[in-house]
Protein chains: 2
Amino acid sequence: MESSHERSGWSERAAQALAAAGYRRGGARSAIVELLGEQSCALSAAEIEHELRGRSRKVSRASVYRVIEELEGAGLLARVEVGQGSVRFEPALEGPGHHHHLVCERCGRLQPFSDEGLERAIRRLSERMPARISEHEIVLRGACEACAPR
Amino acid sequence: MESSHERSGWSERAAQALAAAGYRRGGARSAIVELLGEQSCALSAAEIEHELRGRSRKVSRASVYRVIEELEGAGLLARVEVGQGSVRFEPALEGPGHHHHLVCERCGRLQPFSDEGLERAIRRLSERMPARISEHEIVLRGACEACAPR
DNA sequence: CAACCAAACGAGACTCAGTCTCATCAGTCG
DNA sequence: CGACTGATGAGACTGAGTCTCGTTTGGTTG
């Protein structure tokens, strides 16, 4: 779990990185970046569109997907495949922010976690595989603490 | 990769398990089970529908999804989320057949792998997490041997 | 400041996987 | 052999995501 000031740093970093990549400042883009920067966990594209309709500014679906694509391309946004066809996005944090997800099969909530043992196992495996591994994604499914306390 | 006689055993097991669960024998269901039993790796729903159109018997999309759901519910079929919104299915083999996937970002091919170190890390993590973990899924992304030989 | 150009944007048509409904078909059992 | 009930197919429908194209806006230049 990350502290919120680390998050707000993200939207600034993102804005800078996009500017450096030659993108102009545009209302839709900055509204999306700002919204993402405030989140504590992943949002779906539809949630981004819907949430923005209510506040700062209405943003079209096309823009939501365009900006997601730019951010993902710049390595600033991580795509999380949650299962059942739903895809979510969240700010990609540097090194220590790297984490994976537990999806509760009961309530559907997403819970981030990280584990050094797991990362080590993946690094070792990557060296042995006959391929160049660039990313990995791990999803655990089960019942979260609230749904099945022990 | 598993030997093929292990695979053909799967379609029999699946047929038995479905019969035991009270399902009647039906043409569409057995055609799908048979096709899945022959595969060496995961198929998408559309591929199942298309492949069957050409051979044994034409099967409607509704039946493909129905049968997938039944098999998944019986723990006979594993769902593999490959990314970019595409979902594939493959026969779930007992213990030793448990594996994960490497998705090539260049050619899109799926390559199964398994690793005891990784499984161990996940078991240990599951015990420490404040949740009941029932499944896990790991996807590695990168360039496969054919696309980026080293 | 005015004018211009390219990038950013919005609206909405379109695609495609997956779901749902309902009429028809076919095992199974009496 | 019927009849009952589950299995199936056809196709309408949904919702996420993509694409196109006309409009708006940021930034730059005269």
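In what follows, chains are A, B, ... by sequence order, proteins preceding strands, each numbered from 1.
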- Query: Partners of A/E49 by salt bridge (Lys or Arg N to Asp or Glu O under 4.0 Å), sequence neighbours excluded?
  - Reply: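 Once residues adjacent in sequence are excluded, the partners of A/E49 under the salt bridge (Lys or Arg N to Asp or Glu O under 4.0 Å) criterion are A/R53, A/R61.
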Give the rounded distance in Å between these two atoms: [atom1] of [X] and [atom2] of [N].
X     : N      : atom1 : atom2 : answer
B/E70 : D/dA7  : CD    : P     : 7 Å
B/E81 : D/dA16 : CD    : P     : 16 Å
A/L18 : C/dA7  : CG    : P     : 16 Å
A/R88 : D/dG17 : CZ    : C1'   : 16 Å
A/I68 : D/dA16 : CD1   : P     : 12 Å

Could you run down the sub-3.5 Å N/O contacts of the protein with nucleotides 20-27 of chain C?
| unit_1 | atom_1 | unit_2 | atom_2 | d |
| --- | --- | --- | --- | --- |
| C/dG27 | N2 | B/R24 | NH2 | 3.2 |
| C/dG27 | N3 | B/R24 | NH1 | 3.3 |

- Item | Sorted by number, the residues of residues 44-54 of chain A with heavy-atom contact under 4.0 Å to DNA chain D |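 Residues of residues 44-54 of chain A that come under 4.0 Å of DNA chain D are, in numerical order, A/A45.
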Mind checking whether [X] and [Y] have side chains closer than 4.5 Å, heavy atoms only?
X      : Y      : answer
B/L35  : B/L43  : yes
A/L125 : A/I133 : no
B/E116 : B/R120 : yes
B/R29  : B/L18  : yes

- Closest-nucleotide 5' rank along DNA chain C - winner of A/S63 and B/R79: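 With B/R79 and A/S63 compared, the 5'-side residue is A/S63.
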- Are B/Y65 and B/V59 in one and the same hydrophobic cluster, where Ile, Leu, Val, Met, Phe, Trp and Tyr link if side-chain heavy atoms are under 4.5 Å apart?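 Different clusters.
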- Query: Under 4.0 Å between a side-chain N/O of A/K58 and OP1 or OP2 of C/dC9, yes or no?
  - Reply: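 For C/dC9, neither OP1 nor OP2 has a side-chain N or O of A/K58 closer than 4.0 Å.
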- Message: If the cut-off is 4.0 Å, is B/Y65 near the phosphate of C/dG18, judged by side-chain N/O to OP1 or OP2?
- Response: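 Checking C/dG18 against B/Y65, a side-chain N or O does come within under 4.0 Å of OP1 or OP2.
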- B/R57 side-chain proximity, nearest of D/dA7, D/dG9, D/dG17: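 Nearest nucleotide to the side chain: D/dG9.
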- Message: Tell me the bend of the helix from C/dC1-D/dG30 to C/dG30-D/dC1 as the angle between end helix axes, each from five pairs, rounded to the nearest 10 degrees.
- Response: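 Comparing the axis at each end, I get an angle of 10°.
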- Let me know which of B/Q39, B/E47, B/H101 forms a side-chain hydrogen bond (donor to acceptor under 3.5 Å, both in side chains) with B/R88.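 For B/R88, the side-chain hydrogen bond (donor to acceptor under 3.5 Å, both in side chains) test succeeds with only one of B/Q39, B/E47, B/H101, which is B/E47.
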- According to the ring pair (Phe, Tyr, Trp, His ring centres under 6.0 Å) rule, which pairs have a member within residues 115-137 of chain B, sequence neighbours left out?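 Listed by first then second residue: B/H98-B/H136, B/H100-B/H136.
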- Query: Atom CD1 in B/I68, atom CZ in B/R66: separation rounded to 0.5 Å?
  - Reply: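 If we round to the nearest 0.5 Å, B/I68:CD1 and B/R66:CZ are 11.5 Å apart.
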- Item | Salt bridge A/E81-B/R141, side-chain N to carboxylate O under 4.0 Å |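 A salt bridge is absent here (no side-chain N lies under 4.0 Å from a carboxylate O).
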- Item | side chain to side chain donor-acceptor pair (under 3.5 Å) partners of B/E135, counting only residues at least two apart |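 Testing B/E135 for side chain to side chain donor-acceptor pair (under 3.5 Å), a comparison that skips the adjacent residues, returns none.
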